[in-house]
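A quick write-up on the structure given underneath.
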Amino acid sequence: MYRILIVEDDFDISELLQSWLTEAGYQTAGAEDGLKALEVFESGQFDLVLLDLMLPRLDGFGVCEWIRKRSDVPIASSTSTVCTVPLRY
């Protein structure tokens with residue numbers, strides 16, 4: 001079974017994603033901020049990371065950089081703001 005890490009600080013969005021993905025047959029784990037995401041990522045093996053870029057404590061760019069140094073797991077990012085910095089991860 002595929003495992004997906006959902007990194008999202010908006011509780012309603014996180015719960016909705018977890019519900020949909022669980023219903024579709026995926027296992028999920030969640031983190032509500034960037035530092036918690038690092039902790040959860042280290043504690044398990046994930047097949048995909050869904051990553052909000054605007055996070056408290058450590059933003060999604062920092063999370064992405066940290067994960068990429070350790071793993072080639074696919075990362076799908078999202079944000080509610082306009083990003084003007086090109087992503088090169």
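The first residue of the sequence shown is numbered 1, and numbering continues consecutively from there.
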- Looking at CG of L50 and CD of E8, how far apart are the two atoms once the value is rounded to the nearest 0.5 Å? 9.5 Å
- Ignoring hydrogens and geometry, is there a side-chain-to-backbone donor-acceptor pair from T22 to Q18 under 3.5 Å? yes
- How far does CD of Q27 sit from OH of Y2, to the nearest 0.5 angstrom? 12.5 Å
- Query: Does L55 sit in a hydrophobic cluster with other residues, and if so which ones, taking ILVMFWY side chains as linked at heavy-atom separations under 4.5 Å, directly or through other members?
  - Reply: L5, V7, L35, L38, V40, F41, F46, V49, L51, L58, V63, W66, I67, V73, I75
- Rounding to 0.5 Å, atoms NZ (K36) and CZ (R57) come to a distance of 9.0 Å
- Going from SG on C64 to CG on D59, what distance comes out if it is rounded to the nearest 0.5 angstrom? 10.0 Å
- Measure the spacing between CG of L21 and CG of L48 and express it to the nearest 0.5 Å. 8.5 Å
- Is it true that E65 and R68 make a salt bridge, defined as a side-chain N closer than 4.0 Å to a carboxylate O? no
- Message: Given 3.5 Å as the limit, does a donor-acceptor pair link the side chain of D47 with the main chain of R3, or not?
- Response: yes
- Query: Considering all heavy atoms of both residues, which atom of S77 and which atom of L53 are nearest to each other, and what is their separation?
  - Reply: CB-CD2, 3.7 Å
- Message: Using 0.5 Å steps for rounding, measure from the CG atom of L17 to the CG atom of D12.
- Response: 11.0 Å
